[in-house]
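Just below is one structure, and these are the notes that go with it.
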2 protein chains.
Amino acid sequence: MTIMPYAEPVSEAGSEQVTSLAAQIGRVAAPLRSQVLDVLREAILSFRFAPGQRLIERELIDMTGVSRTTIREVLRELAAEGLVKTIPQKGAVVVALSPEEAEELYELREVLEGHLVKKFVERASDAQVVALRRAFTQLESVVERREGTVAVLKAKDVLYEVLLTGAGNSALRASLSQLHARVSLLRASSLSSGPARPPEAVAELRVLVEAVEAREAGAAADAMVTHVRAAARTGIEAIRHSSHALVAATS
Amino acid sequence: MTIMPYAEPVSEAGSEQVTSLAAQIGRVAAPLRSQVLDVLREAILSFRFAPGQRLIERELIDMTGVSRTTIREVLRELAAEGLVKTIPQKGAVVVALSPEEAEELYELREVLEGHLVKKFVERASDAQVVALRRAFTQLESVVERREGTVAVLKAKDVLYEVLLTGAGNSALRASLSQLHARVSLLRASSLSSGPARPPEAVAELRVLVEAVEAREAGAAADAMVTHVRAAARTGIEAIRHSSHALVAATS
DNA sequence: GCTCGTCCGATTGTCATACAGTCAGGCGAG
DNA sequence: CTCGCCTGACTGTATGACAATCGGACGAGC
């Protein structure tokens, strides 16, 4: 989930109608630190920093224009999120996943996303179910029209967002967001997840959405597990192929 | 509790026979930072810092003897672990869980620990199963002999450690460790989890261990879920009672 | 030519200091 | 008694400095 860039506004318990004002005065300047955090996280997840690449403080300073103090604090946060690894006396390195680790992550995803879906079915309002359907339709059309990988990812994110919100468990949301971040790191390793997957993924998700609409928690969860498992297969396969290079790069 | 300014690295008592080469080359002087992290985490989890309490940098500096730079980096890590919350312009505060958040955490624990047990049954060696039984027996006797709460917690930790190792998924381990930390934060909120729980917990865990020994994954997982659910009930109940005070302390 | 030990540069880990910005609470004026 | 200002306590951020360490280049010796 990406830690919120802006701090939780200390809810101005004041009168309602000042919302716009509160927004204005409440959060004019986000802590510099969190802005940098966002930028770097984004850079890693969009593969502008390759897995295994060293993140040298000096260079980050030059790139961002903030002081070393700030950079270092940000690096600690990224490390805690699992996006970079800090090697003693060596500094921060973008995490490169081994096939085994990837497998572990997918196993976790299976469990958590299965649960996510189950809770969504239990708790989501009808409106949220509709939103899910809408998000799915959107994804479908993006895939059909063969828009870029980025567009597909974005559509998927929307869909997940609907699920996370509907499931109503912020701890689950936090865990899954972190997990997703790390998994998409894997995507960076294997470059493309293979061109054949998206259509299949859509088919799998269609099953999911329909089960949700029928309010069948078990079936929906199963569909999600199936989906994740399929994604795992290709994902791990891909990383396995490119792993030689990675091993070289990492060591 | 002053931390030694210098790391306690290779004990230069090296004149002795080199017990283990690995130890020598492996240990590269623990970064001061990580030592401080451990100390503070420990302090939080052992309730020496109360939930809602502000952690003022200056005071931490005095307590630990390290510089502000280091302290701040540690605080970022603690924040990412979910043990402290950073309020803009206000600094770090030990997290205080609301009943709702506690409920969410327990829900997650149910899922993850259920999975943990299932995987343990699937993957653990016979030796590990024996280790589990041993850990359980130890816990049992600690509870019977009415040793302190600390001893009980320690024994539980050992048991969990066995499970985590046997399940063979380091990502799962990481997630659960974090989760456990946050849950035990809850214990700090509610002071004592109630004196009646331990014996019940032992009974629940006995069911678990026996199911594991019979290699019945489903039953074992169910037992764990039951256990967590029971713990949740008392845990949340406790926090709910003390929540007024907490709200006051937090705000 | 090859191996080995040494030295150097690049970086991290840590510290001390400084200063602006912000928030809370006290104090005094109306 | 309320309002507004002032001050003190902290955080957020920047800067400079220095030891320790690591990797690689360089040069000596075989």
Side-chain angles (χ1 to χ4, degrees), chain A residues 5-14 22 25-40 52-79 84-94 248-251, chain B residues 2-10 12 24-40 52-79 84-94 248-251:
Chain A
Y6 347 38
E8 300 297 320
V10 197
S11 56
E12 294 311 321
I25 52 181
R27 279 287 69 86
V28 191
L32 195 45
R33 187 175 61 243
S34 58
Q35 295 182 52
V36 175
L37 177 61
D38 287 343
V39 168
L40 290 193
Q53 178 179 341
R54 273 185 76 182
L55 296 182
I56 296 170
E57 295 175 3
R58 184 83 159 289
E59 294 177 2
L60 297 179
I61 291 171
D62 294 341
M63 282 185 224
T64 60
V66 303
S67 77
R68 201 175 158 211
T69 307
T70 304
I71 288 290
R72 284 180 62 86
E73 291 185 26
V74 168
L75 287 178
R76 299 293 153 254
E77 302 198 45
L78 286 174
V84 310
K85 183 176 49 170
T86 305
I87 302 175
Q89 249 60 43
K90 193 95 189 285
V93 176
V94 178
T250 314
S251 66
Chain B
T2 335
I3 296 177
M4 278 291 130
Y6 347 119
E8 38 183 312
V10 274
E12 39 71 38
Q24 282 249 338
I25 50 182
R27 277 293 87 193
V28 254
L32 193 45
R33 186 174 62 241
S34 59
Q35 295 181 54
V36 175
L37 177 62
D38 288 343
V39 169
L40 289 193
Q53 178 178 342
R54 272 186 76 182
L55 296 182
I56 296 170
E57 295 175 4
R58 179 100 68 152
E59 294 177 2
L60 298 179
I61 291 171
D62 294 340
M63 284 184 223
T64 60
V66 301
S67 76
R68 201 172 158 214
T69 306
T70 305
I71 288 290
R72 285 181 61 88
E73 290 185 26
V74 169
L75 287 178
R76 298 294 153 256
E77 302 197 46
L78 287 174
V84 309
K85 182 175 51 168
T86 304
I87 301 175
Q89 314 304 346
K90 195 95 189 287
V93 175
V94 178
T250 315
S251 66

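Residue numbers begin at 1 in each chain, while the letters A, B, ... track the order of the sequences.
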### Task
Looking at every strand, decide which applies to I61(A) at a 4.0 Å heavy-atom threshold: base, sugar-phosphate, or nothing.
nothing

### Task
Would you mind reading off the distance between R68(A) atom CZ and dA18(C) atom P, rounded to a whole angstrom?
20 Å

### Query
Between CD of E59(B) and CZ of R54(B), what distance do you get to the nearest 0.5 Å?
9.0 Å

### Task
Could you tell me the separation between the NZ atom of K85(A) and the C1' atom of dT12(C), rounded to a whole number of Å?
17 Å

### Query
Once you round it to whole Å, what is the distance between C1' of dT11(D) and CD of E73(A)?
10 Å

### Message
Under 4.0 Å from OP1 or OP2 of dG12(D): is there any side-chain N or O of T70(A) that close?
### Response
no

### Query
Would a 4.5 Å heavy-atom cut-off, applied to side chains only, mark T86(B) and R76(B) as touching?
yes

### Task
Taking only the side-chain heavy atoms of I56(A) (C-beta and beyond), determine which of dT15(D), dT11(C), dT22(C) contains the nearest atom.
dT11(C)

### Task
Grab the NZ-P distance between K90(B) and dC23(C) for me, whole Å please.
10 Å

### Task
Measure from the side-chain heavy atoms of T69(A) and tell me the nearest of dT11(C), dA14(D), dG13(C).
dA14(D)

#### Entry: Nearest to side-chain heavy atoms of Q89(A), which nucleotide of dT21(D), dC23(C), dT13(D)
dT21(D)

### Task
Starting at atom CD1 of I87(A), determine the distance to atom C1' of dG13(C), rounded to an integer number of angstrom.
15 Å

### Query
What is the distance from atom CZ of R33(A) to atom OG of S67(A), rounded to the nearest 0.5 Å?
11.0 Å

### Task
Any chance you could measure T64(B), atom OG1, to L37(B), atom CG, to the nearest 0.5 Å?
12.0 Å

### Task
Name the closest nucleotide to the V66(B) side chain, picking from dG13(C), dC15(C), dT13(D).
dC15(C)

### Query
Taking only N and O in the side chain of R76(B), is any of them less than 4.0 Å away from OP1 or OP2 of dG12(D)?
yes

### Task
Could you tell me whether I71(A) contacts a base, only the sugar-phosphate backbone, or nothing, with contacts defined as non-hydrogen atoms closer than 4.0 Å?
nothing

### Query
Roughly how many Å is it from CG in L32(B) to P in dA20(D), rounded to a whole number?
14 Å

### Task
Grab the CG-P distance between L60(B) and dC15(C) for me, whole Å please.
14 Å

### Task
Just compare dT11(D), dT14(C), dT11(C) and give me whichever is closest to any side-chain atom of R54(B).
dT11(D)

### Query
For the pair made of CD in Q35(B) and C1' in dG13(C), what is the distance, rounded to whole Å?
12 Å

### Task
Compare side-chain N and O positions of R58(A) against OP1 and OP2 of dA10(C) and report whether any pair is under 4.0 Å apart.
no

### Message
Check this one for me: any side-chain N or O of R72(B) less than 4.0 Å away from OP1 or OP2 of dG12(D)?
### Response
yes

### Rounded distance (nearest 0.5 Å) linking atom CE of M63(A) with atom CD1 of I56(A)
9.0 Å

